[in-house]
Chemist: 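Input: one structure, supplied below.
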Amino acid sequence: MSPIPIMLPKARTPAPVPPARPWWSFHARVAAAVTTAAAVAAAVFGSPPLPAQLAALVVGVALLGVPHGALDHLLGRALLRPRLGDRWPIAFGLAYLGLATVVIVSWWLAPVASLVAFLALSAVHFGLGDTRPNGTRALFAVEVAVRGSLPILLPTLFHTPEVTRLFGWLVGNAAALSTDAVIRVASATALALAPAMLWLCVYHFRRWLTYGRAEGGEVLLEISTLVCLFWLAPPLISFLFYFCAWHSLRHTLETSEALIPGKLKRALGHFALLAAPLTAATLVLAISAWSILRATGMGAEPAILRVVFIGLAALTVPHMVLCAMAQTRPRGL
């Protein structure tokens, strides 16, 4: 008698995931360790004085934040030179400076609307920078939304009084009352995204257990570490560690890899040399802007906050446009 055939369910195969860059896992672990140390220090020793927070923010943004976008002109050259030839610097400079100027003028004319736009654009930019392609558009979109919102929404949810004061400094006293509505919308958005974040964590946890994929574990590590950071550390410190140790450093490594593929240490030194001139010019402009604000009678702390975040907003828009355009071309500068 022939055996009765047994129909077994087909093994479920995961969506194909592109291989991680060689430095991605190492960076994720080092950044998680540094971030965890900052969160623990904040929980044990409490928040440092505001002047110390601002000083640390200025140093971190100057050393890592500003340089990570200081090679945008090389990306602009790679994108524009094939179409415009030797005229590409004129088109790039006008477009880059024009977008940055529009942001600054918009912040002066409509500070609250500009703040909201800056927060939304930053969430998209952070999400795209932190999320690796995972084979499905829906999952990628969910992960971009969740991960990009962490640095924006969680400090608002966990440290509402501090964020309200900081937003008030950014938009000025005349519009400070309107920041209450921004806080309420941000808090509601954070709560609305909570189920999506839970679903994302469950998805990556199951993928990690079932298929033994390191990527799932790394996503869980990053999300859990950042949640603890934004919960335990004050807003300026949590932003400092996220923006510098995670976002800026990851972008710097990616750009360096494109400069000299396969030789990351040498590429990082080359990156530093190339980024130094525009970084220095940007810092000179920042100091000049701070001096102008101080001359108008603005306090030192609000002036520093405005220079840092409005300056980042002015640089973020053209930087985001370039990064979006780069998604359609092969890597390499």
Side-chain angles (χ1 to χ4, degrees), residues 27-50 52-54 56-57 60-61 64-65 115 118-120 122-127 129-131 142-170 179-180 182-205 208 216-250 305 308-309:
H27 166 258
R29 286 167 171 76
V30 172
V34 172
T35 302
T36 300
V40 171
V44 173
F45 301 107
S47 300
L50 185 59
Q53 294 184 40
L54 289 170
L57 179 66
V61 170
L64 286 172
L115 173 63
F118 172 58
L119 296 176
S122 297
V124 174
H125 183 55
F126 292 156
D130 290 345
T131 304
V142 170
E143 190 161 341
V144 167
V146 170
R147 301 188 67 181
S149 67
L150 293 180
I152 307 299
L153 299 179
L154 291 188
T156 305
L157 189 64
F158 293 140
H159 304 278
T160 303
E162 295 93 328
V163 172
T164 302
R165 178 174 62 165
L166 296 176
F167 282 178
W169 283 356
L170 286 175
T179 60
D180 292 338
V182 176
I183 296 292
R184 288 195 297 269
V185 170
S187 299
T189 305
L191 294 176
L193 284 176
M197 186 174 74
L198 179 61
W199 177 84
L200 184 66
C201 290
V202 170
Y203 170 83
H204 283 292
F205 182 72
W208 182 34
E218 288 175 5
V219 172
L220 293 175
L221 174 67
E222 292 188 20
I223 291 178
S224 58
T225 300
L226 291 174
V227 169
C228 291
L229 174 69
F230 296 127
W231 173 33
L232 297 174
L236 290 179
I237 297 300
S238 62
F239 176 81
L240 164 67
F241 277 89
Y242 170 75
F243 183 65
C244 294
W246 288 96
H247 177 75
S248 297
L249 186 54
R250 180 171 280 169
L305 197 73
V308 170
F309 283 99

Chemist: How many angstroms lie between atom CD1 of I152 and atom CG of L157, to the nearest 0.5 angstrom?
Modeler: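 CG of L157 is found 13.5 Å from CD1 of I152.
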Chemist: If you round to the nearest 0.5 Å, how far is CD of Q53 from CG of L240?
Modeler: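 With rounding to 0.5 Å, CG (L240) is 9.5 Å from CD (Q53).
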Chemist: Within this structure, what is the OG1-CG distance for the pair T189 and L153, rounded to the nearest 0.5 Å?
Modeler: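 Here the interatomic distance stands at 6.0 Å.
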Chemist: Please name all residues satisfying side chain to side chain contact (heavy atoms under 4.5 Å, CB included) with S224, sequence neighbours left out, ordered by chain then number.
Modeler: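 Once residues adjacent in sequence are excluded, S224 has no partner under the side chain to side chain contact (heavy atoms under 4.5 Å, CB included) criterion.
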Chemist: For the pair F239 and V308, evaluate side-chain contact (heavy atoms from CB on, under 4.5 Å) and give the outcome as yes or no after the intermediate values.
Modeler: CA-CA 12 Å; F239 176 81; V308 170; 5.6 Å; no
Chemist: Can you give me the closest heavy-atom contact between L232 and A42, atom names plus distance?
Modeler: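 Scanning both residues completely, I find the closest heavy atoms to be O-CB, 3.5 Å.
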Chemist: What is the minimum heavy-atom distance between P48 and P234, and which atoms define it?
Modeler: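 In this case the closest contact between P48 and P234 is CD-CG, 4.3 Å.
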Chemist: List for me each residue that meets side-chain hydrogen bond (donor to acceptor under 3.5 Å, both in side chains) alongside T35, sequence neighbours excluded, and say none if there are none.
Modeler: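 By the side-chain hydrogen bond (donor to acceptor under 3.5 Å, both in side chains) rule, T35 matches W246.
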Chemist: Please report the closest heavy-atom contact between C228 and A39, naming both atoms and the distance.
Modeler: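 Closest heavy-atom pair between C228 and A39: O-CB, 4.0 Å.
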Chemist: Give the intermediate values and the outcome of side-chain contact (heavy atoms from CB on, under 4.5 Å) for residues L236 and L50.
Modeler: CA-CA 9 Å; L236 290 179; L50 185 59; 3.7 Å; yes
Chemist: Minimum heavy-atom separation for L305 to L54, with atom names?
Modeler: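 So the two residues come closest at CD1-CD2, 4.1 Å.
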Chemist: Check each of L166, T156, L154, T160 against P235 using the side-chain contact (heavy atoms from CB on, under 4.5 Å) test, and report the only one that passes.
Modeler: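 So, applying the side-chain contact (heavy atoms from CB on, under 4.5 Å) to P235 and each of L166, T156, L154, T160, only L166 qualifies.
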Chemist: In terms of relative ring orientation, are F118 and F309 parallel, tilted or perpendicular, with 30° and 60° separating the classes?
Modeler: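 Perpendicular: the ring planes of F118 and F309 meet at over 60°.
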Chemist: Look up atom OG1 in T36 and atom CG in L229, then write down how far apart they are to the nearest 0.5 Å.
Modeler: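 If I round to the nearest 0.5 Å, the distance is 8.5 Å.
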Chemist: Closest approach of P151 and F126, non-hydrogen atoms and distance?
Modeler: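 Result for this residue pair: CG-CD1, 3.9 Å.
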Chemist: Using the test ring pair (Phe, Tyr, Trp, His ring centres under 6.0 Å), find all partners of F241 that sit at least two apart in sequence or belong to another chain.
Modeler: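 Result, ring pair (Phe, Tyr, Trp, His ring centres under 6.0 Å) vs F241: none returned.
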Chemist: If you look only at pairs with a residue in residues 221-239, which of them pass as a salt bridge (charged side-chain N to carboxylate O under 4.0 Å, His left out), with sequence neighbours excluded?
Modeler: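 Sorted pair list: R147-E222, E222-R250.
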Chemist: Might you point out which heavy atoms bring L193 and A145 nearest each other, and give the distance in Å?
Modeler: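 In terms of heavy atoms, the two residues are closest at CD1-O, 4.2 Å.
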Chemist: Sub-3.5 Å donor-acceptor pair from the side chain of S187 to the main-chain atoms of R184, do we have one?
Modeler: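 No, the answer is negative, given that no donor and acceptor are paired below the 3.5 Å cut-off.
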Chemist: Rounded to the nearest 0.5 Å, what separates atom CD1 in I223 from atom CE in M197?
Modeler: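 CE of M197 is found 7.0 Å from CD1 of I223.
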Chemist: Any chance you could measure H204, atom NE2, to L220, atom CG, to the nearest 0.5 Å?
Modeler: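 Result: 7.0 Å between the selected atoms.
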Chemist: Identify, with sequence neighbours excluded, every residue that meets side-chain hydrogen bond (donor to acceptor under 3.5 Å, both in side chains) alongside H247.
Modeler: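 H247 satisfies side-chain hydrogen bond (donor to acceptor under 3.5 Å, both in side chains) with H125 only.
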Chemist: Going by the rule side chain to side chain contact (heavy atoms under 4.5 Å, CB included), which residues pair with P49 if we only count those two or more places apart in sequence or in a different chain?
Modeler: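 Residues passing side chain to side chain contact (heavy atoms under 4.5 Å, CB included) with P49: P51, A52.
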